[in-house]
Amino acid sequence: MAAVQGGLVDAVEEKDIKTEPSSDGIGNNNANDGGPLSASPSSSASAGSNKSSAGAPEDQQTLLAVLQFLKKNKLTESVDILRREAGLPEDSLDLKGGDSSGLLSCHHHLVLNAHLTETFSPTAAGEDQPDVNVVLSAYSQQGDPKLYPVYYSGLKRFIESVLDCHRAELSQVFYPLFVHMYLELVYNNYESEAKAFFEKYTGDQECYYEDDLRILSSLSKREHMRGNETLLDFRTSKFVLRISRDSYQLLKRHLQERQNNQIWNIIQEHLYIDIFDGMPRSKSQIDAMSGSLAGEGKREANKAKVYYGLLKEPEIELPLDDEDEEAENEEGKPKKKKPKKDSMGSKSKKQDPHAPSQTRIPLPELKDSDKLDKIMYMKEATKRIRLGPDNLPSICFYSFLNAYQGLTAVDFTDDSSLIAGGFADSTVRVWSVTPKKLRKVKSAADLNLIDKESDDVLERIMDEKTASESKILYGHSGPVYGISFSPDRNYLLSSSEDGTVRLWSLQTFTCLVGYKGHNYPVWDTHFSPHGYYFISGGHDRVARLWATDHYQPLRMFSGHLADITCTRFHPNSNYVATGSSDRTIRLWDVLNGNCVRIFTGHKGPIHALAFSPNGKFLASGATDGRVLLWDIGNGMMFGELKGHTDSIYSLRFSRDGEILASGSMDNTVRLWDALKAFDDLETDDFTAATGHVHLQDNSQELLLGTYVSKSTPVIHLHFTRRNLLLAAGSYNP
Amino acid sequence: MAEERRQKQCSVTLPTESMKAMAESVGVGQLQEESCAALSEEVSYRIKEIAQDALKFMHHGKRRKLTTSDLDNALKLKNVEPLYGFQSQDFIPFRFASGGGRELHFYEEKEVDLSDIINTPLPRVPLDVSLKAPKEQQKVESTEPLKIVKPGQEEESTIPGKSQGAITADGKGKEKGLIRLKPRSTHELSVEQQLYYKEITEACVGSCEAKRAEALQSIATDPGLYQMLPRFSTFISEGVRVNVVQNNLALLIYLMRMVKALMDNPTLYLEKYLHELIPAVVTCIVSKQLCLRPDVDNHWALRDFAARLMAQSCKTFSTTTNNIQSPWLDEKTQWTTRYGCIAGLSELGPDVIKTLILPRLTIEGARIKAVMEGPVVSNIDKIGADHVQSLLLKHCASVIYRIDYGYLGPMLCSHVMKARTQAALQAQQVNRTTLTITQPRPTLTVSQSGLCGSVGQRTPSIIKVPSSLTLMSPRPGTPSQPSPPATKYIVMATSAGASSTQQVITLSSSQSASPVTSTVPSATSTLQPLVKLESGSGPGLTGSRPMQKYIVVSLPSSASSSLETKSSVLPTSISSNPLEAVMKLDRSESPGASTQSPH
């Protein structure tokens, strides 16, 4: 939108980036077709156009390339206008047109098709997966970068002189501008200028960009830019700013008055300015939302509808009735609906308009054992303690002793009967925390001997000799960073530095599958609450959705600009949330792989995510020690919980969603009044209308308790079905 | 600060010499300077890049320390062969040697005799990872034997409480939910021990000094008291709590001596009971009132003593006690508390004095001056201010000198002090004499009927001026009267608390008319009976009822500016010209001279 407003010059400038790929295409054509294109510049050089007054044949080339680009994209009117303005003769294009039509009529129909695909494919590839050179070359065409400090300080003076209400908004421009100018200087080998520029203005930048600036500061040579993915991403993606229309006009006017094309170019090329109507935002509002690697999420990125409601619980009679279930699970419930006996408040789900349809994604059928488990769950749920500010949960802390700082991940089963720990020495250990010991299934030979008709066959298949409290699973060849139990407690997933995700059987305590797809460390994995599916994400910045019975991923979610650090399934299994070190959280639709939400606001890599049990809210914790609360429905941040002094590694809502527990490296568990935070949200609908968060600083009111351990970082939290809070961490002597 | 750091980040590169050294180590003899520079930049960049990646592994490993394996993993990420087997006992494994103009870094690799290694017994196998659940869970787990409980794991409750604030230690249920802690094992005392405990405690707080000395001696030296320590600490903290309320100075002193004895006992380790002892000690330092008659009893000694205890415990247990400062910072703290605060802080050593007390000297000085120099002064305040002043002088002087003059400072200080005390003494004597003349203290006694209740049990009720004359002078209600200057009398009376009433009694020069009284309630006060008394019963009524002192200051219209004369007085006044002091007093004499009783 902004680009169009920029006028013709800008449009041409903007197209310049695209020039390269298209000229690549031309190059291909040239090689294949010979004459026609190489002839065209000379034929049109005679025409005196304002643009080609410089007379450089490259300009002509560029113009032609642009024309061809426009033509390719079927922008015929623009082609005409451009041609007229540039004074290019009709035939220069017709030549090409004739060329292709001639070819069409010619004998090599098939060849042409091949040609077309050839000519198009580099461009397409260039757009999707930008060639490094192409992207970098965007920097090569600017004027004298030595003047950048002048431009920058000029803009700084201007922004400092504008009205207060605009200043905060316009100040957002500083950081991306600073980065791009610096990179441009580096790219053009102005090393000392770049260094001076960096030193002079680095202090102006917001403190939450410090990490990026540190990376930037080490980069001083063109060659360095080549291998640095973070910076590459910074350049390929546009930095998104939200600016009110008034402020934007102010900036634009200023830049045009000053003829400050350098800055304007950078803004056009590397910034996406999301203009909104209305009052400019205040500094605190901006600060709340900014901080991510690529600016804020675009507003339209969060407009898609998200079915955040819960799926209907399959109805299970306490005395099991087999035929009934079949019908219920397969094709919707309308046939027989009985009022539920449990107290989980599931009545409301029936008419929940936000719930996805039951069959939106195929879910596994419930097995008998699952139903038994559900019944257990309901029984336990009736004994659940209602939590609240006056009724805080008891916390039971499981310390791992003698772990030598090697504990990297912990998970509890839903019924809190098993604990699994992932360790830096590549092992996974499983403990039973009930008197029931862990037993393996007997060997095949022994299984043959048992009486398959007996009632206690499930008992008989277990080998008593192997009973022990804990089992060690060997298989990974690097530290285990993520671990997740399947909801039916039969499987365990672990993700590791070695790039694999492994599925372990908790019946035989052996590895069943190694899912290879990530080439780099896999930081986290999480089973779907309905089983069968799981999600994994790692250093390769792609989250993958798998099904346990497929060795290849079903979906790849790409879009993050840095490592995916944590992954979590939505309670209805239709969505997954991923947190990343680019300081954004994305919500992906499992059905079509689209990114439906981008949450920005964290100032550090995100290491913990938690969905509220009703599926409406998401909590996220990052290394900046803050917990942010998000409303999935409208994509807004509605709470900021400050208090932790170190990275937050675990977040969990209580079973009824009243309490949010957060555990951190600062050796504390903190409890927050989630209900109150949600209530504050519902009373305030202004923010939803304008799209601007207005956070009140009420962390202290929401904080219900802080519980300190002496030297045990809290790396996992879990609410039992009766709302006892379990915490786990390794004791650091 | 942050900027500076960033700038450094920007510029730090490896020295080119290292490049040369490394090149030599792989056999490249002559490396050109430019290549070295280029190499060092490249290498520095790569190292930084790898370090940043390694940081990622650290975060995901949920650690705070970067390990060599993180670096290895980061290298793997870049498809670089990791460094195998980097093991080092030392922090930096290199040794440095120089000679013949060359510098050399090398690994120190000792020759190891294989047979030695074979023959040495194997080290103990490190303990396997184990899961420790809180006790309740273990009941369920049943089979889990009680693990070796790491010290500290179960002390989790006491330690954070201390850091939170010694005075309000263990505030509102900090540990409410976390870990049903294993209850501290209850130590059953044997009959003998119980007897001993009873004897000791009775002797400590009893009336016989000889017995007490013996008991304290026993506490300070007996090696087997550990079992009783919890009881002693509870005894002390409870004792302080009760006796502070009852203002039982003697008992408080005894209890503090017990603390001292406990601290002196080398076999006792008090740290776990500090949460009980420290609040008790601090109470004795800063409490508003420690004895029934604060003007007479020497509670200052107790404060000093407790402050020393505090300092001692701080030194021994290295806890910070910044919290003492907070009551002092309050503007309205009483002199007693103020004294305690300063005493407690000063005992902590010159650094604390420097950072916490010195910055406040001027404020304190002004406040002391207000009390000392103000013409109307209650006894208690005066004593308090006096004590605070001498305390400040005692502690701060040497520190100031040390800051200014370094080593010689304290000595200089003592000399200067000596030299100046002479002059100051003279000056003070002058002060004193003039003061006795000018101070219009016992001028007026009016019996007071209804005031008794508000004053409390204290029969000789004390008059206090909270903010002295400053309150009055700008008052619009005291314009200068026409030629026969009507004398104004400000009557100030205070009850024990902060409440005070100031009355302006305007008398015509003829003194025949009945006095017109108007009350100016300052602060929260309402002393209605006083007003009534003044207007109703008239002057000159003296009876057998308890005496209420009134200090009456006449305030001629010109006197409103007299305040200005009181410039800086306090510690500096020692050095100031004694003549000037006299001058000052002369001026303030003028209102005093015209003071007279209205009847």
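Proteins come first, then strands; the chains are lettered A, B, ... in the order of their sequence lines, and each starts at number 1.
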Are [X] and [Y] packed together at the side-chain level, in the sense that at least one heavy-atom pair is separated by less than 4.5 angstrom?
X         : Y         : result
Val433(A) : Leu131(B) : yes
Arg214(A) : Lys48(B)  : no
Lys62(B)  : Pro713(A) : no
His60(B)  : Glu497(A) : no
Phe57(B)  : Pro521(A) : yes

If you measure from [atom1] on [X] to [atom2] on [Y], what distance do you get to the nearest 0.5 Å?
X         : Y         : atom1 : atom2 : value
Asp646(A) : Arg64(B)  : CG    : CZ    : 5.0 Å
Phe397(A) : Lys132(B) : CZ    : NZ    : 9.5 Å
Asp128(B) : Ile472(A) : CG    : CD1   : 5.5 Å
His59(B)  : Asp563(A) : NE2   : CG    : 11.5 Å
Asn519(A) : Leu77(B)  : CG    : CG    : 11.0 Å
Met58(B)  : Ser647(A) : CE    : OG    : 7.5 Å

Quiz item: Considering all heavy atoms of both residues, which atom of Ala403(A) and which atom of Val129(B) are nearest to each other, and what is their separation?
Solution: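 Shortest heavy-atom separation between Ala403(A) and Val129(B) comes out as CA-CG2, 4.2 Å.
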Exercise. For Ser130(B) and Asn402(A), work out which heavy atoms get closest and say how close.
Key: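 In terms of heavy atoms, the two residues are closest at OG-ND2, 3.9 Å.
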Per-residue contact mode, [X] against chain B (heavy atom under 4.5 angstrom):
X         : answer
Tyr481(A) : both
Asp524(A) : neither
Thr565(A) : both
Leu216(A) : neither

Practice problem: Flag yes if more than 12 heavy atoms outside Tyr208(A) fall under 6.0 Å of its OH atom; otherwise flag no. | Solution: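 Enclosed.
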Quiz item: In chain order, what residues pass the ring pair (Phe, Tyr, Trp, His ring centres under 6.0 Å) check against Phe423(A), with sequence neighbours excluded?
Solution: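 So Phe423(A) forms no ring pair (Phe, Tyr, Trp, His ring centres under 6.0 Å) with any residue.
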Exercise. List for me each residue that meets salt bridge (charged side-chain N to carboxylate O under 4.0 Å, His left out) alongside Lys78(B), sequence neighbours excluded, and say none if there are none.
Key: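 By the salt bridge (charged side-chain N to carboxylate O under 4.0 Å, His left out) rule, Lys78(B) matches Glu49(B), Asp53(B).
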Quiz item: Is the shortest side-chain N to carboxylate O distance from Asp498(A) to Lys76(B) below 4.0 Å?
Solution: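 Answer for the salt bridge query: no.
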